[in-house]
Visitor: 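Here's a structure for you.
In listed order, ligands and their atoms are each counted from 1. Fair warning: this is a prediction, and the values are worked out from it, not measured in the lab.
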Amino acid sequence: MLGIMQDRPLLISSLIDYAAQYHGEGAIVSRTVEGPIHRYTYTDAWKRSKKLAKALQKLDVKLGDRVATLAWNGFRHFELYYGVSGIGAVLHTINPRLFAEQIIYIVNHAEDDYIFTDLTFVPLLEQIQDKFSGVKGFVVMTDEEHMPDTTLENVLCYETLLAAEDDEFEWPAFDENTASSLCYTSGTTGNPKGVLYSHRSTVLHSFIVCMKDTLGLSSMETVLPVVPMFHANCWGIAYAAPMCGAKLVFPGAGMDGASVYELLDSENVTLTAGVPTVWLMLLNHMRENKLTLDVLERVICGGSAAPRAMIEEFEEAHGARMIHAWGMTEMSPIGTCGTLKTGMEKFTPKERYDIQEKQGRGTYGVEMKIIDDDGNEQPRDGVAFGNLLVRGPAICAGYYKGDGGQVLDDDGWFDTGDVANIDDQGYMQIVDRSKDVIKTGGEWISSIDLENTAVGHPEVVEACVIGVYHPKWDERPLLLVIKSAGSSLDAAGMLSYLEDKIVKWWMPDDVVFVDELPHTATGKLLKSQLREEYKDYKLPTA
Ligand code: ADP
């Protein structure tokens, strides 16, 4: 017997409709590429996304067509999130930090019809436009006054496009399983692969993001996503904020400590989200300039693990709680969040930091399990670890155009490529990426744990641990360190700092001081490159 309830599709357009109707006065503040701070409301954004939808239809963009963006977090990018998906076209957010060859590859693979670009990326597109096979035109996200003198072919001005339209527009209705947006994984090995979200998965993920146990968004919150709108849907924030009318603050291209601080402070931001590198820059800026943040309540950290020292500094110097969120592009992206459970508010700070260091509890809508290499499920005791598998309605079932083949097992589980443990309270902790874990004499060492311990040293700016060939143990850890300017830290000093903090057999076999470390387009340490670079490195213990 079927239920007798209305079968209304879950569509992305309903999010911005809702925001305009119930939180029309809610603010959206953006640092623009042109310079000034731009302010408007959800009602303005709603009207302008409708104008954009009409303009797109005039450009003959239809259901299922792909429209790409190369843009920072800002109000026009936000309008594209709704204007493009709202008419059933697919918003393809491109990460401008990818190599030019990768951008060419994904534009052609996605068969993008139009590319909307911020002024910043016009020179990049000019250089590579002749490599695009099907792009019909470019739209520069600015007004006539700031339109650049450009060699881009078939170039249009965003504000001129919108000015030609009115906002009398009914969003079309279609199947909620229709594709809504497309995001490529960074592809550290091989070509990037596309994750194709649906309206249904996006709306369900927005509910998950809003939940008190996840990011806990509401109209009482002011949210600054430093995480880019081109990285895994801005962790769902650009969809979830209108679902509850949260005030949005978009940082534009300003992700350095001073720029992020300025907006956090001047806009009274209560919740912000980004990767550890961003938080490192912010903390350094505040420390050097003796600044504090009083209003900020929560700092969401994802993409990589935050070291404990960072969690402590946010709390002890600024009264802000750092909360891990873990996930991946393939999961829309949020899978877990480190919010506390009942009773934990009574924990001592040390006990609480122990929880905050973990990646968090599974959210509703995300099933998790850990298995060994033979597929046996491992106990949830916080010690046993294994490959982390996930299942849920906002998790990909395969990649765009079938790349990578079958990605789910017979029971529908997706292998995240992470190695993790899960404790009896349901908190998951990433041990490592399965390809980064150091396999030494049949045992595993977590490179992440070692890195996080090393950066606890006050003179260490960044640390990276990779496995290097060892004739007896197969692999042993090598620690690469960037030290702060003027520091006289040496290898012996570094190792003695680690001595009482890690088990003996985890001790790196050597320390190398470097000036910089390579990162992926999403800010993660590019360990595959370092493994290649150090593949013939001779450890003193070998
Ligand atoms: P990319 O495009 O770089 O793969 P993703 O955000 O999809 O970007 O990367 C997902 C991976 O990032 C996860 O599988 C995990 O290894 C790592 N990751 C994400 N969040 C966290 C976190 N909070 N702590 C530790 N690692 C994380």
Visitor: Using 4.0 Å as the upper bound for N to carboxylate O, is an ion pair formed by E532 and K535?
Guide: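 E532 and K535: salt-bridged.
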Visitor: When you measure from the side chain of R66 to the backbone N and O of G64, does any donor-acceptor pair fall under 3.5 Å?
Guide: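 Such a contact is found between R66 side chain and G64 backbone.
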Visitor: Yes or no: does A232 have any heavy atom under 4.0 Å from an atom of ligand 1?
Guide: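 Checking ligand 1 against A232, which is what was asked, there is no heavy-atom contact under 4.0 Å.
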Visitor: Which ligand 1 atoms does C301 reach within 4.0 Å, using its non-hydrogen atoms?
Guide: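 Reading through ligand 1 atom by atom, the close ones are 23 (N).
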Visitor: Any nitrogen or oxygen of T185, side chain or backbone, less than 3.5 Å from one on ligand 1?
Guide: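 It does not: no N or O of T185 is found under 3.5 Å from an N or O of ligand 1.
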Visitor: Are K341 and D213 close enough for a salt bridge, meaning some N to O gap below 4.0 Å?
Guide: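 Answer for the salt bridge query: no.
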Visitor: I'd like to know if G303 contacts ligand 1, where contact means a heavy-atom distance under 4.0 Å to any ligand atom.
Guide: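 Checking ligand 1 against G303, which is what was asked, there is a heavy-atom contact under 4.0 Å.
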Visitor: Record the part of A521 in heavy-atom contact with ligand 1 below 4.0 Å; permitted values are side chain, backbone, both and neither.
Guide: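 Within the 4.0 Å criterion, A521 makes no contact with ligand 1.
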Visitor: Just which atoms of ligand 1 are under 4.0 Å from any heavy atom in H324?
Guide: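 Those of ligand 1 that fall under 4.0 Å from H324 are 23 (N).
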Visitor: Show your working on salt bridge (charged side-chain N to carboxylate O under 4.0 Å, His left out) between E345 and R352 and close with a plain yes or no.
Guide: CA-CA 8 Å; E345 285 297 344; R352 190 155 46 69; 5.1 Å; no
Visitor: Is there a heavy atom of H231 sitting under 4.0 angstrom from any atom of ligand 1?
Guide: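 It does, in that a heavy atom of H231 comes within the 4.0 Å cut-off of ligand 1.
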Visitor: State plainly whether the residues K131 and E101 are in salt-bridge range, i.e. N to O under 4.0 Å.
Guide: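 Answer for the salt bridge query: no.
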Visitor: Indicate yes or no for a side-chain donor-acceptor contact from E176 to the backbone of L10 under 3.5 Å, with no hydrogens or angles considered.
Guide: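 Between the backbone of L10 and the side chain of E176 there is a qualifying donor-acceptor contact (under 3.5 Å).
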Visitor: Output, in order, the C-alpha distance, side-chain angles, deciding distance and verdict of salt bridge (charged side-chain N to carboxylate O under 4.0 Å, His left out) for R391 and D411.
Guide: CA-CA 9 Å; R391 200 161 65 170; D411 298 318; 5.7 Å; no
Visitor: Could you tell me which atoms of ligand 1, counted from 1 in the order shown, lie closer than 4.0 angstrom to a heavy atom of K524?
Guide: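 It comes down to these atoms of ligand 1: 1 (P), 3 (O), 5 (P), 6 (O), 8 (O), 9 (O), 11 (C), 12 (O), 17 (C).
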Visitor: For Y399, is the NZ or CZ atom of K401 found under 6.0 angstrom from the centre of its six-membered ring and inside 45 degrees of the ring axis?
Guide: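 Pair K401/Y399 does not count as cation-pi.
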Visitor: Is the ring pair H285/Y261 parallel, tilted or perpendicular, if the boundaries are 30 and 60 degrees?
Guide: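 Tilted.
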Visitor: Do ligand 1 and A325 have nitrogen or oxygen atoms that lie under 3.5 Å from each other?
Guide: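 Yes, at least one N or O pair falls under 3.5 Å.
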Visitor: For ligand 1, does M328 get within less than 4.0 Å through its side chain, its backbone, both, or neither, judged by non-hydrogen atoms?
Guide: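 It is both parts that get close, each with some atom under 4.0 Å.
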Visitor: Would you check whether E330 has a nitrogen or oxygen atom less than 3.5 angstrom from a nitrogen or oxygen atom of ligand 1?
Guide: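 No.
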Visitor: Classify the contact between T329 and ligand 1 as side chain, backbone, both or neither, using a heavy-atom distance cut-off of under 4.0 Å.
Guide: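 Both the backbone and the side chain of T329 come within reach of ligand 1.
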Visitor: Of the listed options (H519, R433, K435), which comes nearest to atom 14 (O) of ligand 1 when hydrogens are ignored and any heavy atom counts?
Guide: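 Considering heavy atoms of H519, R433, K435, the nearest to atom 14 (O) of ligand 1 sits in R433.
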